[in-house]
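Just below is one structure, and these are the notes that go with it.
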Amino acid sequence: MSLSDIQSGIAQAAQQAGRDSGSVTLLAVSKVQPNDRVQSVLEQGHRVFGENYVQETADKWPAWRASFPDVRVHMIGPLQSNKARQAMGLFDAIHSVDRPKLAKTIARLAQELGQCPDLFIQVNTGAEPQKAGILPQDTDQFIAECRSMDLPVQGLMCIPPVEEESSLHFALLAKIAARNGLTGLSMGMSDDYQKAIAFGATHVRVGSAIFGARDYNR
Ligand SMILES: *Cc1c(COP(=O)(O)O)cnc(C)c1O
């Protein structure tokens, strides 16, 4: 698999769903990947990336941003409140707004800094105890809270349970977004991004299918 395979896969899934492929943003998830693989994807012209860790992003993206000024980096991993300030300087979007405390911290910093990345609320669609995210039944209320703090909420994000059919989770996320007037849907990874597009994904997060397997022990 490669960048161009995934781009064709997105175009094909969008066409089958009667959607414009321009309505789907591909986040190339570059966490833990060797620099030469990321560099190659940048040289192929891709500009939107997903990262999970604040420190890793601080270490590697400033130099690439200098060479490729139109690069966009989205935070897709869990964010500790004490790293929110740093994250707001590093990321163009945060997909992991997953609890009231973090939302309040971001709101306070946004007031102070006069700017805020685009935000996605992470929903724990499978209500998994070990997984981050707002429970589905609490999401309407949480969206309202975020809006009352003037946070720029663009949409919702989910990571379906590994053992379950992801379509059910994509459909649930789309339903919650629609009834709250949100248009952004961050869902779908290497194994199921085409399915996610069928359910309305606007942001697919694809890592290993573009860059190869991640080696966490390197
Ligand atoms: C790592 C990660 C991805 C990419 O996963 P792949 O299976 O490599 O495509 C997508 N979303 C999140 C939240 C991730 O942490």
Side-chain angles (χ1 to χ4, degrees), residues 1-10 12-13 24-38 40-41 44 46-57 59-61 72-80 83 87 90-99 102 117-128 130-134 139 154-167 169-170 172-174 177 184-218:
M1 292 281 221
S2 67
L3 177 66
S4 60
D5 292 329
I6 302 304
Q7 287 166 332
S8 326
I10 289 172
Q12 185 193 37
V24 183
T25 298
L26 169 61
L27 305 192
V29 178
S30 43
K31 63 166 176 245
V32 200
Q33 295 288 354
N35 285 348
D36 58 338
R37 294 189 192 168
V38 182
S40 151
V41 165
Q44 290 168 65
H46 193 73
R47 290 293 179 267
V48 195
F49 292 81
E51 287 284 351
N52 286 57
Y53 310 106
V54 171
Q55 192 54 52
E56 183 183 353
T57 304
D59 290 343
K60 67 186 198 189
W61 281 100
R72 295 288 175 267
V73 187
H74 293 219
M75 173 63 162
I76 62 172
L79 179 57
Q80 293 168 256
K83 295 209 173 138
L90 285 169
F91 294 103
D92 301 286
I94 297 173
H95 291 233
S96 47
V97 180
D98 59 2
R99 58 197 193 280
L102 179 61
D118 291 341
L119 301 178
F120 289 74
I121 292 168
Q122 183 171 349
V123 182
N124 186 356
T125 53
E128 296 173 276
Q130 82 286 6
K131 201 170 266 178
I134 305 292
T139 304
Q154 308 294 323
L156 304 179
M157 178 269 222
C158 76
I159 307 170
V162 216
E163 303 294 329
E164 288 179 28
E165 172 53 48
S166 52
S167 300
H169 297 272
F170 297 155
L172 173 61
L173 198 72
L185 285 172
S186 169
M187 57 191 198
M189 313 190 354
S190 289
D191 291 334
D192 54 14
Y193 71 95
Q194 290 189 306
K195 217 186 289 176
I197 290 168
F199 283 91
T202 58
H203 294 70
V204 292
R205 310 178 308 263
V206 180
S208 43
I210 294 175
F211 296 105
R214 284 179 290 277
D215 178 2
Y216 287 92
N217 301 313
R218 102 198 129 87

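Numbering of ligands and ligand atoms starts at 1, following listing order.
Using modelled atom types, one side-chain atom of E165 and one backbone atom of S167 make a donor-acceptor pair closer than 3.5 Å.
Taking S8 as the reference, nothing meets the side-chain contact (heavy atoms from CB on, under 4.5 Å) condition, with sequence neighbours excluded. By the side-chain contact (heavy atoms from CB on, under 4.5 Å) test, T25 is found to be paired with L27, V48, H203, residues two or more places apart in sequence or in another chain being considered. For D191, the side-chain contact (heavy atoms from CB on, under 4.5 Å) test picks out no residue, with sequence neighbours left out.
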What short N/O contacts, under 3.5 Å, does ligand 1 make with the protein, listed by atom pair and distance?
residue: ligand 1; atom: 8 (O); partner: S208; partner atom: N; Å: 2.7
residue: ligand 1; atom: 8 (O); partner: S208; partner atom: OG; Å: 2.8
residue: ligand 1; atom: 8 (O); partner: R214; partner atom: NH1; Å: 2.8
residue: ligand 1; atom: 8 (O); partner: R214; partner atom: NH2; Å: 3.2
residue: ligand 1; atom: 9 (O); partner: S190; partner atom: N; Å: 3.0
residue: ligand 1; atom: 9 (O); partner: S190; partner atom: OG; Å: 2.5
residue: ligand 1; atom: 9 (O); partner: G207; partner atom: N; Å: 2.8
residue: ligand 1; atom: 11 (N); partner: R205; partner atom: NE; Å: 2.9
residue: ligand 1; atom: 15 (O); partner: K31; partner atom: NZ; Å: 2.8
residue: ligand 1; atom: 15 (O); partner: N52; partner atom: ND2; Å: 2.8

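In terms of heavy atoms, H95 sits closest to S186 at ND1-OG, 2.8 Å.
Taking a 6.0 Å sphere around CD of Q130, one finds it holds more than 12 heavy atoms contributed by other residues, nucleotides or ligands.
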